[in-house]
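Below you'll find the structure, written out as structure tokens, and then a few comments.
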Amino acid sequence: MDSFWVLLDSIIDPVSSILVALKPTLHDEKHFYVSPKQHVFEIIIANIFFGLCIYFGLRKDKSSKAQAGRARVPAKPLHTAERVFRVVLTLNIIMQLVYKTMRGWHILGYMLQPCHVTTCLYLFCWYTSDHHLGARVFQVSVHYMFFTALALAVPDLAQLKLPFEQTTFWVQHWALLIAPILMLLVSRRYHPLTPSFKNSLLAIGLGGLFHFDVQLPLAFVTGVNINYMLWPPPGVPAFVNTPYYRYWLTLALVTLAWLCGHIIVTIIHSIHSRSEVKAVDAGRNVNVPKKPRKAD
């Protein structure tokens, strides 16, 4: 056991030195709210945990029922409302790029915030001609709807001071809440969508690795607190507001991702199932020949 910790220290020490060297000239005083060594330790733990989530999320189920659920779904045309929202979110992401660039190139790191990434995922689902891949991406992305809900419930508008920047924020986030509903209930573009523990594991694993392997390194280089990876968000409880705050946030985000994806998919699947039953019953009633009336 001692040899394990010696090996771990031999990895953590040099990497933490690199993190110190990467610290930008212009940085917040809270840049190392979490110590460099703790950063490295948490990155290692996160890669192991979220890597396992991805591994088990991608494992193939050889049962015929699971294989049938993965069958390619025929592409369906976009509803008019979807076309409108696709244009709205496309223009919105362009405006976000403009706003970030106007405030400085290092601020472009904020384009990796969850809601901007989710916007790009939904746009991919609408623009792609590969319907099977789009369905797979959509099955994962619905687990991230809670990010949008959190942003609307507790908006952080302190830095949004450019003309119409706050308006752009509200339009984007309300559109993100409506977009999956359009795809699921209006056009049924990615129907059937069934509850899947493996999809939840995959979504959690990909989201976790994105946080620690993409957002955190870029936050170090730019000095921008991307998705609160360098120091905690404002207004968190005192017991969370410590250098170990990411343990609490990770636990909360993993739980919310699973609940959000599972509950939403279960509700939508239930609605689809009931509507299909009604459609079948209606078809049977139409096809049943009417009995001739008896002559008096």
Side-chain angles (χ1 to χ4, degrees), residues 39-61 66 69-70 73 89 93 96 108-128 130-151 172-173 176-177 179-180 183-184 189-190 193-220 225-230 233 246-266 268:
H39 275 303
V40 178
F41 177 75
E42 291 182 6
I43 290 172
I44 294 172
I45 298 301
N47 274 269
I48 294 172
F49 174 74
F50 292 117
L52 287 173
C53 288
I54 293 175
Y55 171 75
F56 288 109
L58 289 175
R59 285 187 67 183
K60 294 184 178 180
D61 190 341
R70 274 194 219 95
V73 181
L89 285 177
I93 208 71
Q96 294 288 359
L108 279 172
Y110 279 122
M111 291 305 297
L112 294 179
Q113 290 283 95
C115 290
H116 298 321
V117 175
T118 304
T119 299
C120 294
L121 292 176
Y122 288 159
L123 288 175
F124 175 83
C125 293
W126 273 328
Y127 279 112
T128 182
D130 188 340
H131 187 79
H132 184 68
L133 179 59
R136 188 65 166 158
V137 171
F138 184 74
Q139 288 171 348
V140 170
S141 63
V142 292
H143 291 78
Y144 306 139
M145 288 181 65
F146 76 92
F147 280 116
T148 305
L150 286 176
Q172 177 190 22
H173 287 78
L176 284 177
L177 279 186
M183 283 186 266
L184 286 170
R189 182 171 177 79
Y190 294 119
L193 190 64
T194 56
S196 170
F197 183 66
K198 288 189 175 183
N199 282 338
S200 296
L201 281 177
L202 182 60
I204 290 169
L206 291 173
L209 288 188
F210 184 75
H211 276 64
F212 282 91
D213 292 350
V214 178
Q215 291 178 329
L216 183 54
L218 190 60
F220 274 122
N225 190 24
I226 302 171
N227 202 30
Y228 308 109
M229 291 303 289
L230 293 181
R246 284 198 302 236
Y247 291 102
W248 292 102
L249 293 187
T250 299
L251 177 62
L253 297 182
V254 167
T255 304
L256 287 173
W258 184 82
L259 286 176
C260 181
H262 192 76
I263 290 174
I264 290 173
V265 172
T266 300
I268 298 300

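Worth knowing before you read on, the calculation uses all heavy atoms, side chains too, and leaves out hydrogens, waters and symmetry mates. Residue numbers start at 1 and run along the sequence shown.
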Query raised in the report: Taking the six-membered ring for Trp, are His262 and Phe197 ring centroids under 6.0 Å apart?
Result: no
Query raised in the report: So Cys120 and Ile93, side-chain contact (heavy atoms from CB on, under 4.5 Å) or not? Walk me through it.
Result: CA-CA 8 Å; Cys120 294; Ile93 208 71; 4.3 Å; yes
Query - Donor-acceptor pair, side chain of Lys198 and main chain of Leu58, under 3.5 angstrom - result: no
Query raised in the report: So, do Val142 and Cys260 sit near enough that their side-chain heavy atoms are less than 4.5 Å apart?
Result: no
Requested in this report: Take Phe147 and Gln113 through the test side-chain contact (heavy atoms from CB on, under 4.5 Å) and record every step on the way to the result.
Outcome: CA-CA 10 Å; Phe147 280 116; Gln113 290 283 95; over 6 Å; no
Requested in this report: Provide the closest heavy-atom pair for Leu218 versus Gly109 in the form atom of the first, atom of the second, distance.
Outcome: CD2-CA, 4.0 Å
Query - Gln96 vs Tyr110 side-chain heavy atoms within contact, under 4.5 Å - result: no
Query raised in the report: Any donor-acceptor pair under 3.5 Å linking the side chain of Gln215 with the backbone of Ile226?
Result: no
Requested in this report: Nearest 0.5 Å please: distance from the CG atom of Leu89 over to the CG atom of Leu176.
Outcome: 5.5 Å
Report summary line: The reported gap from CG in Leu259 to OG in Ser200 (rounded to nearest 0.5 angstrom) is 9.0 Å
Query raised in the report: Taking all non-hydrogen atoms of both residues, which atom of Asn199 and which atom of Ser196 are closest, and how far apart?
Result: N-OG, 3.2 Å
**Report entry** Separation between CG of Leu216 and CG of Leu230, rounded to the nearest 0.5 Å
**Finding:** 6.5 Å
Report task. Considering non-hydrogen atoms only, spot the tightest contact between Gly261 and His143 and give its length. Result -> CA-CD2, 3.5 Å
Report summary line: Distance col, row Trp126:CH2 vs Phe138:CZ, nearest 0.5 angstrom, shows 9.0 Å
Query - Donor-acceptor contact below 3.5 Å, side chain Asp130 vs main chain Gly134 - result: no
Report task. To the nearest 0.5 Å, tell me how far Leu206 CG sits from Ile54 CD1. Result -> 4.5 Å
Query raised in the report: Which pair of non-hydrogen atoms, one from Phe210 and one from Leu112, has the smallest distance, and what is that distance?
Result: CE2-O, 3.6 Å
Query raised in the report: Do Leu150 and Leu256 touch side chain to side chain, with heavy atoms closer than 4.5 Å?
Result: yes
Report task. For residues Pro114 and Asn227, determine if any side-chain heavy atom of one lies less than 4.5 Å from a side-chain heavy atom of the other. Result -> yes
Query - Atom pair CG/CZ of Asp213 and Phe50 - distance to nearest 0.5 Å - result: 10.0 Å
Query raised in the report: If we only count heavy atoms from C-beta on, is the Asn47 to Glu42 side-chain gap below 4.5 Å?
Result: no
Query raised in the report: Under 4.5 Å between any side-chain heavy atoms of Val117 and Met111, yes or no?
Result: no
Query raised in the report: What are the two closest heavy atoms between Leu209 and Gly51, and how far apart are they?
Result: CD2-N, 4.4 Å
Requested in this report: Return yes if some donor-acceptor pair links the side-chain N/O of Thr128 with the main-chain N/O of Phe124 below 3.5 Å, else return no.
Outcome: no
**Report entry** Phe146 vs Leu253, side-chain contact (heavy atoms from CB on, under 4.5 Å): CA-CA, chis, key distance, verdict
**Finding:** CA-CA 9 Å; Phe146 76 92; Leu253 297 182; 3.4 Å; yes
Query raised in the report: Taking the inter-plane angle between the rings of Phe220 and His39 on a 0 to 90° scale, is it parallel (under 30°), tilted (30 to 60°) or perpendicular (over 60°)?
Result: perpendicular
Report summary line: For residues 49-58, the side-chain hydrogen bond (donor to acceptor under 3.5 Å, both in side chains) pairs (sequence neighbours left out) are none
**Report entry** Identified side chain to side chain donor-acceptor pair (under 3.5 Å) counterpart of Gln172 within the set Thr148, Thr119, Thr118
**Finding:** Thr119
Requested in this report: Go through Phe41 and Ile45 one step at a time and tell me if the side-chain contact (heavy atoms from CB on, under 4.5 Å) criterion holds.
Outcome: CA-CA 6 Å; Phe41 177 75; Ile45 298 301; 3.8 Å; yes
Query raised in the report: Which heavy atom of Ala203 sits nearest a heavy atom of Tyr144, and at what distance?
Result: O-OH, 2.6 Å
Report task. Evaluate the side-chain proximity of His211 to Arg246: yes if any heavy-atom separation is below 4.5 Å, no if none is. Result -> no
